[in-house]
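First the structure, in the form of structure tokens, and then the observations on it.
None of the values given here were measured: they were computed from a predicted structure.
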Amino acid sequence: MNSPSASDVSLYELALAMEPPPPVLQVSPATLKSVLDSILQLLIEQEMPAVVWAKLPRGDVWQLEVERYATLVGVPKAIYLFKSQRDEGEDAGAVNLPLSSNGDEDVSKLIVPSPAASVIVNVPLAPESQLRREYFLVIWSAQFRGVLLAHRPRSIQQVSKTIPLALVDSVAMSGQLGQITTSEEPPERKQLLLTVCSFEQRLVEQILAGLEQAIAASQAIEDLVPEASAYLPDGSKITEQWQQFLTEMPVTAPADLDWLGRLFGKQLQHQEENWQRGTIYRKQAELAETLRIQNEELLDSLRLKDEFLNNVGQELRTPLTTIKTALSLLNSPSLKPNQRQRYMDLIAKECDRQSSLITSLLNLVQLEQVVDQTTLPPLKISDVVPGVVSTYQPLAEEKGVMLAYTVPEDLPTVSCVNNWLRQIVINLLHNSIKFTPRGGQVWVRAKQQGDYVQLEFRDTGIGISPSEIPKIFDRFYRVRQSGDDSSGAGLGLTIVQQLLLHCGGSISVKSKIGEGSVFNVLLPIHKTPSESAPFT
């Protein structure tokens, strides 16, 4: 071993000065702790006599395995726990895992022997020790010699300039270090550690020589805390003590590498446990996100229902207000016969509107309670459309509108309920006739289009403004155009859209003011279960 000198050196730099230099890895504090625990647990489980040198990050959680080994009964051991006098929490890049605890530690606390066992010797370091930004675990046992060394750089830029991107810890990084600025780095990236792990005896001896120099430099602590001399053994006695332990330690033949397999298995177990915990956390996060989305959907549903009830109340109130006003006017003694008739017609019209509104509301509520059907019955378009068109022929003639249809008999059947298709045709045909002035035309055409049958409702009516087209399927919305008959409930197109959704169809509209509108309905062609089943 080298003789101690008046100043210490960086263990990390000592390691890199070796020929050839050991590989350097970049890991997170969590990974460092996992490896530390694996090595110490191997000593505990195999009850290996050993000399241990360690300097660990702040926090009781880091020292748990060291203290477990210290309390192991019947196993010869010596533990030297190095401590920095400076509070590492004041350093910008200090390692501080979420589990870390402890507040400021003064020098007197550092040099008091650990309550875990008297075998732990606490060794304070000088205030400006080169080891201040380093952590290490050195093991010297009969089975193996090993060193785990971690250097905490001042910045991520220093990391990228010091070594190439040899290994990126999956928890800490997802991109190249050199492409990240310090201000934008997440905390786990700022705490990356440059790590060396080696079982080469020559490197272990070099690190122990560096520790001897650090102990020699730490004697200045007696000037800072005079009472420390009562607890602090002489530095030369500490090094003499562990050198004696090393000479007395039996040596196992180099060919016995069974311990290495156990260490590897222990580390694999740690990684598996971490993976399992990560999987549980991910599932919990996914569940929380699902619950959040469901909660938002529920709140939206409640809001829509509130709006619906509010709109229903307003729509039901309007006809009743008109009827009440007309009835009060009918009681006037000076009312002329033609005025009386006009008010009677108004009452009848509003009663019809009220009845239409209630019927539409009941139909809409019934539709929303329908359970989606996996198989709908086959239905021929020609069995429904011609009959509905014929029913509306007298109304079209009375209004002076030409009404015609083209529905080929050989069209494939569609998946839809008879009453649903009838209501779709009635609502669209009624709108086309209502908004087409005298002398206009209305056509209904059907044709196959891929896996669908298309029903086209075309008219030469007043048309719909482009700004209103996105709103026409909203509940209670009525197009406000000149000549518009406002007696409708504003639910016809909403019901059409809901019916088509239930049978897997769709509806679209094209319109120009003064030129008319075209409503295109797509109904899925009916397929038997064998036709709809996936190919196997």
Contact between [X] and [Y] at the side-chain level, heavy atoms closer than 4.5 Å - yes or no?
{"X": "Leu411", "Y": "Ile525", "result": "no"}
{"X": "Val388", "Y": "Val444", "result": "no"}
{"X": "Leu499", "Y": "Asn427", "result": "no"}
{"X": "Leu25", "Y": "Leu193", "result": "no"}
{"X": "Leu455", "Y": "Leu421", "result": "yes"}
{"X": "Val147", "Y": "Val196", "result": "no"}
{"X": "Leu493", "Y": "Leu428", "result": "yes"}

With respect to Leu194, which candidate in Leu149, Val27, Val24 satisfies the side-chain contact (heavy atoms from CB on, under 4.5 Å) definition?
-> Val24
Salt bridge (Lys or Arg N to Asp or Glu O under 4.0 Å) partners for Arg422, two or more places apart | none
Can you list the residues that meet the salt bridge (Lys or Arg N to Asp or Glu O under 4.0 Å) rule with Arg438, with sequence neighbours excluded?
-> none
Might you confirm whether atom CE of Met344 has over 12 heavy atoms from other residues, nucleotides or ligands at distances under 6.0 Å?
-> no
Kindly check if the number of other-residue, nucleotide or ligand heavy atoms within 6.0 Å of CD (Glu296) is above 12?
-> yes
Return the [atom1] to [atom2] distance between [X] and [Y], rounded to the nearest 0.5 Å.
{"X": "Ile513", "Y": "Glu468", "atom1": "CD1", "atom2": "CD", "result": "7.5 Å"}
{"X": "Tyr343", "Y": "Ser328", "atom1": "OH", "atom2": "OG", "result": "8.5 Å"}
{"X": "Ile39", "Y": "Ile44", "atom1": "CD1", "atom2": "CD1", "result": "12.0 Å"}
{"X": "Gln441", "Y": "Leu403", "atom1": "CD", "atom2": "CG", "result": "10.5 Å"}
{"X": "Ser84", "Y": "Lys55", "atom1": "OG", "atom2": "NZ", "result": "3.5 Å"}
{"X": "Leu335", "Y": "Arg340", "atom1": "CG", "atom2": "CZ", "result": "5.0 Å"}

Take Gln423 and Asn419 through the side-chain hydrogen bond (donor to acceptor under 3.5 Å, both in side chains) test and state the conclusion after the steps.
-> CA-CA 6 Å; Gln423 193 166 5; Asn419 289 337; over 6 Å; no
Below 4.0 angstrom, N of the basic side chain to O of the carboxylate: do Glu65 and Arg68 qualify?
-> yes
Would you name the heavy atoms of [X] and [Y] that are closest together and state the gap between them?
{"X": "Cys351", "Y": "Ile323", "value": "SG-CD1, 3.8 Å"}
{"X": "Phe457", "Y": "Ser432", "value": "CB-OG, 4.3 Å"}
{"X": "Leu346", "Y": "Ala326", "value": "CD2-CB, 4.4 Å"}
{"X": "Leu148", "Y": "Val35", "value": "CD2-CG1, 3.7 Å"}
{"X": "Ala15", "Y": "Pro22", "value": "O-CD, 3.0 Å"}
{"X": "Phe136", "Y": "Leu56", "value": "O-CD2, 4.3 Å"}

Quick check against the 3.5 Å criterion: does [X] have a side-chain atom that pairs as donor or acceptor with the backbone of [Y]?
{"X": "Arg133", "Y": "Arg152", "value": "yes"}
{"X": "Ser34", "Y": "Ala30", "value": "no"}
{"X": "Thr413", "Y": "Pro378", "value": "no"}
{"X": "Asp459", "Y": "Gly516", "value": "no"}

Start with the C-alpha distance between Phe519 and Ile507, add both sets of side-chain angles, then the distance that settles side chain to side chain contact (heavy atoms under 4.5 Å, CB included), and finish with yes or no.
-> CA-CA 7 Å; Phe519 285 83; Ile507 183 171; 4.1 Å; yes
Worked check of salt bridge (charged side-chain N to carboxylate O under 4.0 Å, His left out) between Glu289 and Arg292 | CA-CA 5 Å; Glu289 179 64 15; Arg292 184 188 66 80; 2.4 Å; yes
Evaluate the criterion side chain to side chain contact (heavy atoms under 4.5 Å, CB included) for residue pair Trp62 and Leu36; output intermediate values, then yes/no.
-> CA-CA 9 Å; Trp62 286 88; Leu36 281 168; 3.6 Å; yes
Mind checking side chain to side chain contact (heavy atoms under 4.5 Å, CB included) for [X] and listing every partner two or more places apart, or none if nothing turns up?
{"X": "Leu287", "answer": "Leu291"}
{"X": "Pro386", "answer": "Tyr405"}
{"X": "Arg342", "answer": "Gln339"}
{"X": "Ser382", "answer": "Lys380, Val407, Glu409"}

Apply side chain to side chain contact (heavy atoms under 4.5 Å, CB included) to Glu456 and Trp443, showing your working.
-> CA-CA 8 Å; Glu456 179 188 88; Trp443 297 275; 5.8 Å; no
According to the interplanar angle, ranging from 0 to 90°, do the rings of His151 and Tyr12 count as parallel (below 30°), tilted (30 to 60°) or perpendicular (above 60°)?
-> parallel
Please walk me through it: do Leu379 and His526 pass side chain to side chain contact (heavy atoms under 4.5 Å, CB included)?
-> CA-CA 8 Å; Leu379 179 65; His526 183 268; over 6 Å; no
